[in-house]
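Here's the structure we're looking at; comments come further down.
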Amino acid sequence: MSTLTATLALVQRDFMVEARSKEIFIPLGLFCLVLLLLFVFSLSPLPDQSRQLFPALYLTLLALSGILALEKAIERERRDDGLYGIVVSPVGLSSLYLGKTFSTLAFLFVVGIVSIPVFIAFLGLSLSWLQLLWIVWVEMLFLFGFSALGTIMTLLSWNVRARHVLLAVLLYPLMIPPLLASSSLMRQGLNGRFEMGSGWGSLLVGFDLLYFGMGLLLIEHVLEE
Amino acid sequence: MAQDTSPPLLEAVGVSKVLSERWVLRSVHLRLGQKERVLLYGPNGAGKTTLLKLLCGIQRPNSGHVRLFGHPIDRAPRACLRHLGLLLSRGFFAEELTLEENLRFFGKLYGMDKQSLDERIEGLFSWAGLEHARRSPVFTLSTGQRQRLALVRVRLHSPRLLILDEPFNGLDEEALGFARDLFVQPTTVLFTSHDLAFSKELATTVLLIKGGRIVAESEANNPALMNVVMEALA
């Protein structure tokens with residue numbers, strides 16, 4: 001069975017499970033809404049400040065909801081030892097990594113997309129289509145690195161009793177460079193500058209590739225136990 | 001088992017395992033030849049499940065080595081796992097999906113084409129008496145039905161080697177009847193069970209495990225098997 005077919009089978013299964021249970025989308029949606037309300041009502045930003053605050057608030061929301069999504073994904077696989085069923089099948093472990101990374105990316109991407117109009121409404125932002133597309137593009141790049149790193153860290157902390165703590169401790173420090181790069185790129189976009197060739201753009205893409213490559217290389221070792 | 005000269009399907013040599021600073025297995029040797037049916041029997045905490053996890057590569061031993069289909073388990077080609085069927089205490093299912101969706105997922109992982117998967121699923125649902133529940137989510141099943149489904153999953157890709165941890169758990173009389181089929185196929189089986197009276201009828205060899213060591217071995221049809229068990233596990 002090819003890596004692509006196996007990856008698609010894993011992604012399809014995760015989507016079917018989520019479509020039935022909604023155990024990622026509903027808690028994440030509510031979490032996003034509460035967080036956004038809290039931000040807006042406690043900060044009460046002026047229109048100019050909203051534009052400055054948006055990248056930080058939006059990325060905070062994605063990073064926090066991302067870790068919740070990863071934890072839910074762990075719990076789901078632990079519930080009936082589903083991971084063992086895949087590990088002892090003839091499917092290559094890289095397919096397992098790719099499947100999990102792309103499912104997480106897709107779930108978080110949808111949550112991110114859905115929350116953009118809510119942000120715009122609550123913060124009173126007016127954005128051009130180009131700015132919107134730029135934000136979505138940067139969001140996707142950020143989430144790709146986040147999912148690639150998050151998936152391997154999730155599997156690394158699989159057998160650890162305090163895995164929820166360990167996941168956050170491992171993941172967040174390593175996500176600081178992509179967070180800074182994404183925040184800067186979004187701010188540039190909101191000010192009308194759309195340059196991926198800048199230092200921040202290269203940094204973000206570089207970390208994405210680094211984390212994705214690291215995940216593919218490490219997956220066999222991580223799953224040894 | 002030692003008399004068999006054909007290459008073993010599964011072999012463990014001097015396998016030891018430490019979990020939470022405790023020796024769970026100590027220098028275990030095991031050799032499983034073609035079409036053998038070996039019962040691993042011992043008290044709770046003897047190390048049976050850990051041994052099964054080591055033998056299929058879910059865990060790695062601290063010392064010793066395991067060979068599966070002639071390959072060292074840590075370097076075995078993934079394709080050879082196509083011939084292995086594993087049942088642990090849980091079924092590996094996605095609870096929200098239906099029985100059929102779960103089996104189709106596993107069928108895809110094992111590279112089965114749609115037509116043979118359709119036929120196989122049809123036949124196995126009928127074998128296990130689960131036709132009526134095929135479109136129900138797994139979480140609606142009783143313990144016994146889940147175990148039936150787990151047995152169906154294990155047989156789905158027609159493996160040559162079965163590793164089964166407590167395959168009869170929760171099964172009623174009817175299900176115990178068809179569970180016997182797993183043992184009459186030309187398949188090699190290593191299994192654990194606490195029901196010695198039932199299981200010895202299905203096995204060719206009984207290995208007795210206690211405190212992480214294989215303490216005795218006997219032919220399953222040995223008339224003095226119960227004495228061997230009493231002595232070894234006393």
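Convention: sequence-line order gives letters A, B, ...; per-chain numbering from 1. When reading the values below, keep in mind they use all heavy atoms of this one structure, side chains included, and skip hydrogens, waters and symmetry mates.
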Checking A:Leu93 against B:Arg78 for the side-chain contact (heavy atoms from CB on, under 4.5 Å) test, could you report, in this order, the C-alpha distance in whole Å, the side-chain angles of both residues, the deciding distance, and whether it holds?
CA-CA 9 Å; A:Leu93 296 179; B:Arg78 301 291 303 173; 3.7 Å; yes
Does the pair A:Arg13 and B:Leu97 meet the rule for a side-chain contact (heavy atoms from CB on, under 4.5 Å), with working shown?
CA-CA 8 Å; A:Arg13 185 193 67 152; B:Leu97 301 189; 3.7 Å; yes
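Each of A:Gly82, A:Ala19, A:Ser89 has some count of heavy-atom pairs under 4.5 Å with chain B, and the biggest count is that of A:Ser89. Heavy-atom pairs under 4.5 Å with chain A were tallied for B:Phe105, B:Phe93, B:Phe106; the largest tally goes to B:Phe105. Here A:Val88 is the residue among A:Leu83, A:Ile86, A:Asp14, A:Val88 with the most heavy-atom pairs under 4.5 Å with chain B.
Going from atom CZ of A:Arg20 over to atom CD of B:Glu95 covers 13.5 Å, rounded to the nearest 0.5 Å. If you take CD1 on B:Ile58 and CG on A:Asp81, they are separated by 7.5 Å, rounding to the nearest 0.5 Å.
Heavy atoms of A:Glu23 lying under 4.5 Å from chain B belong exclusively to its side chain. Proximity to chain B involves both the backbone and the side chain of A:Leu10, based on heavy atoms less than 4.5 angstrom apart. Contact of A:Glu220 with chain B is not made at all, since no heavy-atom distance falls under 4.5 Å. Contacts between B:Arg146 and chain A at a heavy-atom distance below 4.5 Å involve the side chain alone, from C-beta outward.
Atom CH2 of A:Trp137 has 12 or fewer heavy atoms from other residues, nucleotides or ligands within 6.0 Å.
When all heavy atoms are compared, the tightest approach of B:Ala79 to A:Pro90 is CA-CB, 4.3 Å.
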